[in-house]
Amino acid sequence: MLRVLIGFISLVISLSFLTSFVTIRFDISDIPSYWLGIVSGFYNIGLTLGSFKSSKLIKRLGFVKSYMGFASLIGMSALGLGFEFEPLLWMIFRFFIGYSLGALFSIIESFVMMQDAKSKSGSFATYAMCLYTGYGLSPYLFKVIEDDITSTFPLMLIGVMCFISMMIISLSDIDKLTGKTNGARLMFKDILQNAPLSLFYCFGAGFMNTVVYVFFPKVLFYQPLIHFTHLMAVSILGGALFQYPLRHLSRHFEKRTILFGINIFIACLIPLCVLFFKTLWLMLFLVMLGACLLAIYPTVVTYTCSRFEKAECFNIMQTLLLTYGIGSVIAPFIVTGVFMNLFMNNIAVFGAIFVMNALLLVFRLLKRVTE
């Protein structure tokens, strides 16, 4: 399992860096904000489609061959971005990258959840910690490229890391470890009956996490005291560090109670991030905010899978990823089309997270009253 995660994390680091790179590349080129929303939206549309449209191909080819094919498409698309800096062209390539990544998430997360039916939360906690560590380390690739933001070097670096990921995965025995799965199908009705909170929280997690990955670089780039790479890193590494404490909390508290507590913490942290945006306190608040935001999706996944048979993990993961992806698709358009037209950048970005979190909190309270 460790070899599989290392291979996947290499890919995650490169693609997380690409998301931040696209945001900053558009910003320094004075491209209108709506183009960033469109390009990010098409990426997330691809991510959403790939999470469930690729299921038949994955089941026919197996996990390793499917991983090789989709990772190759990501590498070629990343290199294709270097042909010309044209928003329309980048929109197309970002769609293919998103589609491929959605398929890869289905492969890896299904593999992780099928390893041990008796210790799902432990397996997924390890996966989430590695995943968020990869996300957290990715901003430091800006230190590698230095001032070459407008050159093709960053895109070549991303391509190389994709092919490194493929090489590592090709040497793994992921297909032998996956076990038996049921036929490919979406399970919205089943999840609504057995774990109704899951779909709503997955949607909210997709929305809020996309705001972090896409729009945090835009606002943190102009923080006067701390380099934005450090701020981005601590925001995401906070989520990585919180995974094992979260695992221990889940042993003593019901996961729905944990999600409710996370909502309360986020509601308190967002105003502090806005008020102390130009101070060193921002780093501390971002660590805690990242820990809360990035804890939602793993908690929902383990909670949902615990209510179904192991053989349904692949279908559950595809359904949850699709729901997560829908939230990811909507986020860029809402932030650029609504919040950034009403507020200044940092208030708009933090405000979007605050509103979505408030909606989840209200839904959780209403659900609690009716139980």
Quiz item: According to the side chain to side chain donor-acceptor pair (under 3.5 Å) rule, which pairs have a member within residues 266-278, sequence neighbours left out?
Solution: none

Quiz item: Should we say atom CZ of Phe96 is surrounded by more than 12 heavy atoms from elsewhere, each under 6.0 Å from it?
Solution: no

Quiz item: With a 4.5 Å limit on heavy-atom distance, are the side chains of Leu231 and Phe216 in contact?
Solution: no

Practice problem: Would you check if Pro245 and Phe242 make a side-chain contact, meaning some heavy-atom pair closer than 4.5 Å? | Solution: yes

Quiz prompt | Closest non-hydrogen atom pair, Met166 against Ser72 | solution = CE-OG, 2.9 Å

Quiz item: Residues two or more places apart in sequence or in another chain: which of them pass side-chain hydrogen bond (donor to acceptor under 3.5 Å, both in side chains) with Tyr67?
Solution: Ser165

Quiz prompt | Thr23 (side chain) donor-acceptor with Phe215 (main chain) under 3.5 angstrom | solution = no

Self-check item: Within-4.5 Å side-chain heavy-atom neighbours: Val12 and Phe8
Solution: yes

Practice problem: Identify the two heavy atoms, one from Cys292 and one from Leu269, that lie closest to each other, and give their separation to 0.1 Å. | Solution: SG-CD1, 4.3 Å

Self-check item: Note, Tyr43 side chain near Pro332 side chain (heavy atom, < 4.5 Å)
Solution: no

Quiz item: Is there a side-chain contact between Tyr324 and Asn44, using heavy atoms and a 4.5 Å cut-off?
Solution: no

Quiz item: So do Ile158 and Leu141 actually touch side chain to side chain, heavy atoms under 4.5 Å?
Solution: no

Quiz prompt | Phe265 atom CZ: more than 12 heavy-atom contacts under 6.0 Å | solution = no

Quiz item: When the aromatic ring centroids of Phe17 and Phe142 are compared, is their separation below 6.0 Å?
Solution: yes

Quiz item: Can you name the ring pair (Phe, Tyr, Trp, His ring centres under 6.0 Å) partners of His230, sequence neighbours left out?
Solution: Tyr140

Self-check item: Partner of Ser328 by side-chain hydrogen bond (donor to acceptor under 3.5 Å, both in side chains), out of Asn209, Thr48, Thr210
Solution: Thr210

Practice problem: Might you point out which heavy atoms bring Leu79 and Leu155 nearest each other, and give the distance in Å? | Solution: CD2-O, 3.7 Å

Quiz item: Considering all heavy atoms of both residues, which atom of Leu89 and which atom of Gly80 are nearest to each other, and what is their separation?
Solution: CD2-O, 4.4 Å

